[in-house]
Amino acid sequence: WEHYLSCDGTPDPTEPQEINTFMSLWNDNQDEDVQLVMEKEEVVLNLIEKLESLLLETSPDEITEKRREQYQEFILQLQDLLRKKYNEATQNLLKTASMYEDSETGNMHTAIKDKNSTFCIWVNLKKKTRFKSHVFQEAGHGFDLPKSLARSSVAIRVLHTRYDHVSPLWVQCQGLPRQEASNSQELAEHPKDTGQEPGEEEEEGREEPSLPAAEETSSNGRKSAASLKEKSNNTDDAKETEEETEKNSDILDVPSQGEEALLQEEAGGREEAPRTVDLKQLVPVGGVYHMDALQLPPQPQDVGDWSMVELLDVGLEVFPYSPGEAEDGTQEAVQITLRLPENVIYFQVPVVARWEPADQQWRTDGISNITYEAEEKSISFSMGAFYTVALLQDAHLNLPYQAWEFHPTGVDEGLFTVTAVFATIQIQIKDNQCMLSSVVVEEEKVLSHITGKWMSPFALRETLKRAGVNIFPAEYSPEYVPVPRKAALTEVKAYDQMALLAAAFAFAHSKWNGEAGPERVVFKVSEHLAAGSAKDNNWSLYMFSGEKVQNLKLTETSEAFSEELKEESEFHSTLYHMLKESASNKAMDKVERAGFLFIDSVYQLLHATRVLAYS
């Protein structure tokens, strides 16, 4: 209905006829330049975001498996089409590169930048070795070529997309099932998905399926969602495959981030390729940098009053570059310098990884001499060839939480504060909307471009993760975060009860939660009717097992954990009935009048951050 009222001419992504028509018409338009592609890119990214939102936010009983697979196919097709249009626009620009040569160097260079992408291209028209390096001043990216390339008819393209359409779909949009993909025959690489992404952890002991590769391949080179479905129908086979996969995968204890670590290493004589990035642990942050050496097509020649050009119907071609030996006997390397995006936080030195299209994986070999300048927000490195690269960050570096607190601030309003390892995040909640109030790193507020904007809990989660602030554990996160496991059912029931009471009660972290064992959670509760955080002397500790709640005599300053009950306290089956016994009439009245949208938003945030399990 909102889409209908907007009447903006964009297709409805839920209607196959509209989305197919949109893709078909754009695919047939061959004469677009880079600027037009960037304008259409905004529409494509919005369509993909809507499809991802539908896949992750729609309850299973409201969407069929066929429709779910169809949405995933649309996402992959839109990504492929966008990549193809960038290649076509690059080719159109290269056909007339000589018309825009620089008066100083005789070469052609340009940089086009918008909020989604930065397109940089340099064309070697004069082939002089003294002009073998270049810095795109508008973007801050630069390169230094080997002499062999500096004497060739070559174009260097650096395309920085602030989104990631290279990694497997389950990495781009966590919660989607994984899919297999085969190699693409086009210039741009296509993602490959390798199993099934775990959904929300709501069943104790639930295992992560790792499904076998699908056999059927769609026309664009990716495995279809339908073929994945056929392979995943048998639950027993999936579990058996999972057990075999877990036995055959060696994820070693990880050294520090600066040591090209956090990788799957080969072990026990197995022929597993080393330096393959574990995408459960390291995730691309800040988008993807597509770096290509391209063949320069024939340039226009002026013959009298005519301008003549040879037309080749071959599309955009990769320059056949193989590194030779430098003067000192070492292998020639391409030196790359990248300006880091301003709207992303790297809490540690990022890991530079290249996309390997043959294996459909991110890898760290082939990249050396990495220099990270935190103050200048730049990173430099050497490559033996031209790759698509990304800067990876540990997805769990802000876990476990140091503390957390939620307290109401008004009618159907609240403030959720999470103190993570490197940052303190404050999120305001109002009805069914959330707003990032602040992100504080080393006493400095950051990410001002996303603070103060109301959005859904789902959108806020994705926005924070794209900015490098990941405080949302996945089902496999216990493998990487040293925290005591909590029973999923107990945890979920606790979030449900806390959200139900959030209109009049504050909740916070207790240091005794880790001592209570896997079947029980401990947290602080305080009736909260005034503005501001709850006072330290107003907190009470409650222990919840999913079936029973008890008010503990214990305090945060006690010397040891004890299950002794508070005087005149009784057991109750729910937190609601426990607090109702001692709460004021005004507090319970606020609870009764709380809006269901607000309750659901609080629950979503608590469940997404899993503060009872990761603090």
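In this chain, numbering begins with 1 at the start of the sequence shown. No experiment lies behind these values; they were computed from the predicted model shown.
- Taking CG of Leu76 as the start and CD1 of Ile48 as the end, the distance is 9.0 Å to the nearest 0.5 Å.
- For the residue pair Ser117/Thr161, the side-chain donor-acceptor check at 3.5 Å is not satisfied.
- Listed by chain and residue number, Glu42 satisfy the salt bridge (charged side-chain N to carboxylate O under 4.0 Å, His left out) test with Lys115 (two or more places apart in sequence, or in another chain).
- To the nearest 0.5 Å, atom CZ of residue Phe472 and atom CG of residue Leu460 are 5.5 Å apart.
- Panel note: side chain Ser53, backbone Lys50; no donor-acceptor pair is recorded below 3.5 Å.
- Donor-acceptor pairing under 3.5 Å is recorded for the side chains of Glu41 and Tyr163.
- A donor-acceptor pair under 3.5 Å is formed between the side chain of Asn107 and the backbone N or O of Leu125.
- At a threshold of 4.5 Å between non-hydrogen side-chain atoms, the residues Ile156 and Leu145 count as touching.
- Side-chain N/O atoms of Thr105 and Lys126 include no donor and acceptor closer than 3.5 Å.
- Legend: residues meeting side chain to side chain contact (heavy atoms under 4.5 Å, CB included) with Lys85, ordered by chain and number and at least two apart, are Trp26, Glu32, Val37, Leu81, Glu88.
- Note: Ile75 CD1 to Glu52 CD = 5.0 Å, rounded to the nearest 0.5 Å.
- Contacts of Ala395 classified as side chain to side chain contact (heavy atoms under 4.5 Å, CB included), with partners at least two apart in sequence or in another chain: Val283, Asn470.
- Put simply, the side chain of Val352 does not reach to within 4.5 Å of the side chain of Leu338, judged on heavy atoms.
- Thr90 places a side-chain N or O within donor-acceptor distance of the main-chain N or O of Tyr86, the cut-off being under 3.5 Å.
- For the pair Arg83 (side chain) and His165 (backbone), a donor-acceptor distance under 3.5 Å is present.
- Side chain of Asp164 to main chain of Val288: no donor-acceptor pair is present (N/O by atom type, distance under 3.5 Å, no hydrogens or angles).
- At distances below 3.5 Å, not a single donor-acceptor pair connects side-chain atoms of Glu57 with backbone N or O atoms of Leu54.
- A distance-only check finds no donor-acceptor pair linking the side chain of Asp292 to the backbone of Leu294 [under 3.5 Å].
- Using a 4.5 Å heavy-atom threshold, the side chains of Leu47 and Phe22 count as touching.
- Between the side chain of Asn124 and the backbone N or O of Val154, no donor-acceptor pair lies under 3.5 Å.
- In this structure, the side chain to side chain contact (heavy atoms under 4.5 Å, CB included) partners of Gln295, at least two apart in sequence or on a different chain, are Glu317, Phe319, Pro320.
- Summarising the geometry, atom CG belonging to Asn20 is positioned 11.5 Å from atom CG belonging to Asn27; distances are rounded to the nearest 0.5 Å.
- A 4.5 Å side-chain heavy-atom check between Glu462 and Arg466 finds at least one atom pair inside the cut-off.
- A heavy-atom distance below 4.5 Å is found between the side chains of Leu279 and Trp170.
- Shown are Val285, Leu464, Leu447; of these, the side chain to side chain contact (heavy atoms under 4.5 Å, CB included) with Ile345 is made only by Leu447.
- Side-chain atoms of His290 and Val166, non-hydrogen and from C-beta on, do get closer than 4.5 Å to each other.
- Pairs engaging residues 96-115 under the ring pair (Phe, Tyr, Trp, His ring centres under 6.0 Å) rule: His109-His134 [sequence neighbours left out].
- Note that OG of Ser382 is 12.0 Å distant from CD of Glu332, once rounded to the nearest 0.5 Å.
- Distance check: Leu51 CG to Arg68 CZ gives 12.0 Å after rounding to the nearest 0.5 Å.
- Scored by the side chain to side chain contact (heavy atoms under 4.5 Å, CB included) test, Pro341 finds His160, Tyr289, Asn343, Val344, Tyr346 as partners (sequence neighbours excluded).
- The main-chain N or O of Glu375 is never found under 3.5 Å from a side-chain atom of Glu373 such that the two would form a donor-acceptor pair.
- Checked options Leu436, Thr463, Ile450; the residue passing with Met455 is Thr463 (criterion: side chain to side chain contact (heavy atoms under 4.5 Å, CB included)).
- Between Thr118 and the choices Arg162, Arg339, Lys113, His141, the side-chain hydrogen bond (donor to acceptor under 3.5 Å, both in side chains) rule is met once, by Arg162.
- Open room surrounds CD on Glu104; 12 or fewer heavy atoms of other groups in view lie less than 6.0 Å from it.
- The side-chain heavy atoms of Pro473 and Val481, taken from C-beta on, include no pair separated by under 4.5 Å.
- The closest side-chain heavy-atom distance from Phe143 to Phe136 is below 4.5 Å.
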